[in-house]
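To start, the structure under review is shown below, and the notes come after it.
Per chain, numbering begins at 1; letters A, B, ... match sequence-line order.
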Amino acid sequence: MRQFVQQLVNGTVLGATYGLIALGYTMVYGIIQLINFAHGEIFMVGAFGGLTVYRYWLPESLAGNVWVALPAVLIVAIAVSVGTAVLMERLAYRPLRNAPRLAPLITAIGVSIFLQEAVRLFYPGGKRQQPFPQLISSGTFDVAGVTVAWVSVFVVVVAVALMVALQVFVKKTKTGKAMRATSQDPESAKLMGIDINRVIVVTFVLGAALAAVAGVMQGMRFAQIDFRIGFLSGLKAFTAAVLGGIGNITGAVLGGFLLGIVEALATQYVPQGSSWKDVWAFIVLIAVLVVRPGGLLGERVATRA
Amino acid sequence: MAALLEVRDLHVAYGQIDAVRGVSFDVDAGQVVALIGSNGAGKTTTLRTLSGLQRASGGEVRLDGDRIDRLAAHEIVARGVAHAPEGRRLFPRMTIRENLDLGAYRRRDSEVEADVAMVYDLFPILAERRAQAAGTLSGGEQQMLAIGRALMSRPRLLMLDEPSMGLSPLVMRTIFSTLSELKTRGTTLLLVEQNAQAALGLADSGHVLETGRIVLSGTGADLLRDEGVRKAYLGED
Amino acid sequence: MRLHRPPPVAVAGAVALVVGCLSPWATFAGFPGKMSLGGFPGGARLFCLLLVAGAVLFVVDVGGRRRAALATAIGATAVVVVNLVALVDQGGDIGSVSWGAWLALAGGGALVAAAWRLPSGHPPPEEWRRRPAAIEVAVLATGLLALLGAVVWGLEIEESSRFVSFLVFLTFSAVALHHLGLFSGLGVLFNRYPRIAMLLGAAVAVAFPFTQQGNAYWIRVFASIGVFAVAAIGLNVVVGLAGLLDLGYVAFFGVGAYVGALLANASLTTVHVHLPFLLVVLLGGCVAAVFGLVIGLPTLRLRGDYLAIVTLGFGEIFRITANNWDGLTRGPNGISGVPDLAVGGFDFGASHSLLGVTLPGFANYYFVELVLIAGAIVVFTRLNDSRIGRAWVAIREDEVAAAASGIDTIRLKLLAFAIGAFLAGAAGTVNAHVTTQVSPDSYTFLESILLVAAVVLGGMGTVPGALLGSTALFVLPEKLRSFQDMRLLLFGAALILVMRFRPEGLVPSRRRRRELREEAPEGVPGLAGATGAPPGGPVS
């Protein structure tokens, strides 16, 4: 039982990251019906951006100070991810706005490979694992025999806060409403005076910012990053988005946590679970698409974005 | 004085096919102008081009003397042209109130609330259902919301595409009486209709489109009396 | 034929180029092609000199001459620029460049300027004048021989800078010839004599190993390309004909490879059975096809982009399973020591002598693959021209409409999946012998993407496209060793650029080109007043 709860906790932490990344997939899909295959790489470059500040720009005296280092790392991570995403949208996706569906998907795969390779080749030491700073204490505490790391608490709290903030943004603000309008009927949105190119950019920006935060979290939890981390995390997050019902923000969050928990439990309870740990996401993905293609909140695929 | 909207020799093509081939007309401020014609005559394409959804392949469109035919749709809206498109095109999963708010997307003034009240006044049924999703409304109510939403931008020119489409005669009459109410308030209307009787009855002037060209122009009353129009569009022999 | 008086700038440019190409380009010795010496067009200077031949277009009046002249002039200039960069890189500074290169550069610039100012003129004829069949066939044969010649010539070039120059030369020559209507003319001839053309193509392919004078290196590379090409044609059935993007296609190839390795009694294996090779090829194809059906059955009703991700998932599941199922696949170690094929006493691993040329063992596999490719081509073209092919077109363009007009879309999509998987599986069995070992890390997502790229870059829906794409993806990295590490980066960039600027690929299918080039129709043309569907809205 204790082990079960422990895995639930682990899964929740894992799921927080998936959920944050999944939001980017789901929003972009809601707006332009593109599976942004390169979104995992946006997450990855964010982590590298954060690492860069810590390693090269922060003076040593400040690097140990959580209140300086953590915001600095997060801000630069977000800036790098957002910059990359905006360039990607402008240069690679926008020219294909009216092309047949598969063209932008193939482009997205190209962008994904390009970004991975760019980091591998041009980031100092990019070909190997890079240690990521433990910005928050690496300590843990016990609740009823279940061990929880402080980093995990941070990860879950920040993720949930961001998710709530995004919901409020999309529901309440003018830009948020413009996003929903664009996802429901882009042409009609234009007739309202909405600049849908701007809305699309905002969507990429929001998704990238959340992914960047997820990237920093991932680095802090595993203490290392490399150019490959975006691929699997991206696919799993996509699975989470589909699981929740793509286009649906609440769904992405729910899907993220569920997938994290499924993965944690399966790794624990299925014989030799850990050598199969990356399979569960795919099995979940296939199962969802086959049984309930609309996802869990399928009836509300409606409230896209 | 120049007209509010001037359309000169407008051409629009879809790939190889020319949908609009040299259409010219004016809309003066405060006027109601009707474009009538059968399916495929190019009426909707003309409106879509005026509001920037479609690119003209030739010709000019001027609003207050300024070219607008190269502007993006959202910039044209900002200049005071509202377009209630064919098929209403509401945001089905947003509430009536949210749809109206989006109609006022470009506005920064403080009188949005007052205009919402004005729309509710014009169409009381919308006020009753303000928190309901637009997709759940009936056809007539959707058309009312589409017109109301277009009014929310306080347009200088309101373009309506087939407001009567798919509506029962009763509901259609309600819609047209609202339109004539708008006309008396001085709203400039450009109306595309297949229902020539209703449209020409309301219009100061009208143009008949056939295969992308204007074949006949005149005042609404003249066109209603015209032999050819009566035969082709009013079902008389 | 009418002749023009060439503009003086063009004459001056051409003369400067010719003189420049016969003069030294380097001030230091040791640059490939004896570039420091003059009097002969050594090294890359030859390509430059050949491109000057395009200057003839200033005089003769043929359709499309402006663009063709422009292409050759830009090509010649580009060759000079490539070598300038390489010279400065090797010599250390700008002083390493000798006057010949500068003269050639100036000449190239003048030619470009002159070509730019040529009148557009008339386009090349749509179709060549009919001539006696013998002559037309001879023209076809010459074209294919030229292709073989270009390949052999390119492979012989050792140095990177010279090879890049060669590529520039080849590209711009091809562009020029394209504008002169050569390729469309050849295409017409190809369609007029399809059988003869195929036979000629086969003859050229068979001739290739004989041009290598016993050298195994490139034959070995081409033996790898062969298997890959069979798989690419199979994928082209799935992607190009049926329009289903499969991102896990390499799994079928892997299934075939494991079947081939396990049934060949390899030295490190788990199954000690040895079945006849032909049976194994068929078996590998069938097992893969069954996998295709199993995967396709539940997933093919998904929309295209979802399907792509699900197939990716299946591909990864295959790889991870192969990695973990020690009892059958020996896990990460894989099956190794797969013996060479031996059919009726003929050992495929040994070299053989034929017509006075020693053919290394890989040539045998290469020939086997040619047979497989021929089979795949037959399957592909037969399907493309059949009712099934037309139904696939319908599905590709509008699945709902296709279903509404009575096409059993699921069954036809399954068929495409199964055929594609069969071809990949059959290719996989051969590959087990070529590489002598099979392990999970050969079947990664990236390999699937490479296959997709071969199809996309070459041209969706065409056989030459798949062949060209596979060849380019293998040969270029081999040739451009100095860029080896950048391979994937360039590859990613290439995918983006091709989708942006030439989505129909290098060898487009005519139909596919139309589909990709037209903007998604907004509203129904000409029926603007009649459509109820929201144009441009989400179409899920």
Side-chain angles (χ1 to χ4, degrees), chain A residues 29-35 37 91-92 95-118 120-122 127 183-188 190 231-232 235 238-239 242 246-247 272 275-279 281-283 285-286 289-291 293 301 304, chain C residues 239 243-245 247 295 298-299 301-310 312-317 320-321 323-324 331 396 445-446 449 452-453 456 460 485-501 503 515-522 534-540:
Chain A
Y29 195 90
I31 298 268
I32 53 172
Q33 286 78 51
L34 164 71
I35 296 178
F37 201 84
L91 300 179
L96 299 180
R97 197 69 62 68
N98 291 322
R101 266 205 139 72
L102 291 185
L105 183 59
I106 293 171
T107 297
I109 293 169
V111 173
S112 167
I113 294 172
F114 183 85
L115 289 175
Q116 279 189 35
E117 287 297 302
R120 185 180 74 91
L121 291 171
F122 303 124
K127 290 179 187 178
S183 85
Q184 291 180 24
D185 189 335
E187 191 166 80
S188 200
K190 286 187 200 166
F231 178 68
L232 260 186
L235 279 175
F238 174 76
T239 302
V242 172
I246 196 142
Q272 287 189 357
S275 50
W276 296 92
K277 80 178 164 60
D278 294 331
V279 163
F282 294 118
I283 290 177
L285 174 70
I286 292 163
L289 285 176
V290 169
V291 179
V301 162
R304 273 183 174 160
Chain C
V239 179
L244 307 165
L245 185 55
L247 295 180
I295 291 171
T299 56
R301 64 197 171 89
L302 297 172
R303 228 192 28 222
D305 41 7
Y306 277 92
L307 179 74
I309 306 290
V310 169
L312 193 172
F314 273 114
E316 288 295 290
I317 290 177
I320 297 172
T321 307
N323 216 354
N324 286 337
R396 220 160 62 201
F445 170 64
L446 201 63
I449 293 300
V452 170
V456 167
M460 279 189 253
D485 208 28
M486 309 261 286
R487 189 172 77 112
L488 285 172
L489 186 81
L490 296 174
F491 170 68
L495 275 184
I496 301 170
L497 292 175
V498 167
M499 279 295 120
R500 171 78 178 78
F501 295 106
E515 284 170 31
L516 287 164
R517 280 288 169 163
E518 260 171 35
E519 290 197 354
E522 289 195 66
V539 261
S540 51

Legend entry - Residue part contacting chain A, namely of C:A308, when any heavy atom lies under 4.5 Å: side chain
Legend entry - N-O pairing of A:E187 and A:K190 below 4.0 Å: no
Legend entry - Proximity breakdown for A:L235 and chain C, heavy-atom pairs closer than 4.5 Å: side chain
Legend entry - C:L488, part contacting chain A, at a heavy-atom distance under 4.5 Å: both
Legend entry - A:F114 atom CZ: more than 12 heavy-atom contacts under 6.0 Å: no
Legend entry - chain A contact via C:I309 - which portion, at a heavy-atom distance below 4.5 Å: both
Inset, instruction - Mind ranking C:I496, C:T321, C:L245, C:N324 by heavy-atom pairs under 4.5 Å with chain A and telling me who comes out on top? - result: C:N324
Inset, instruction - Let me know if A:L96 has heavy atoms under 4.5 Å from chain C in its side chain, its backbone, both or neither. - result: side chain
Inset, instruction - Give, for atom CG of A:L121 and atom CE of C:M486, the distance between the pair rounded to the nearest 0.5 Å. - result: 6.5 Å
Inset, instruction - Grab the two heavy atoms, one from A:I35 and one from C:Y306, that are nearest each other, plus how far apart they are. - result: CD1-N, 4.2 Å
Inset, instruction - Would you indicate whether the side-chain heavy atoms of C:L446 and A:I113 approach each other to under 4.5 Å? - result: yes
Legend entry - chain C interface, residue from A:V291, A:V111, A:V242, A:L289 that has the most non-hydrogen pairs under 4.5 Å: A:L289
Legend entry - Region of A:L105 in contact with chain C, defined by heavy-atom distances below 4.5 Å: side chain
Inset, instruction - Check each atom of C:L247 against the heavy atoms of chain A and say whether the ones under 4.5 Å are side chain, backbone, both or neither. - result: side chain
Inset, instruction - Could you go through the side chain to side chain contact (heavy atoms under 4.5 Å, CB included) check for C:L489 and A:Q116 one step at a time? - result: CA-CA 8 Å; C:L489 186 81; A:Q116 279 189 35; over 6 Å; no
Inset, instruction - State whether C:D485 and A:K127 are salt-bridged, where the test is any N-O pair (Lys NZ or Arg NE/NH1/NH2 against Asp/Glu carboxylate O) under 4.0 Å. - result: yes
Inset, instruction - Would you please indicate if the ring centroids of C:F445 and A:F37 are separated by under 6.0 Å? - result: yes
Inset, instruction - Flag the one option from C:V310, C:T299, C:N323 with the top tally of heavy-atom pairs under 4.5 Å to chain A. - result: C:V310
Legend entry - Heavy-atom contact with chain C under 4.5 Å, split by part of A:R97: neither
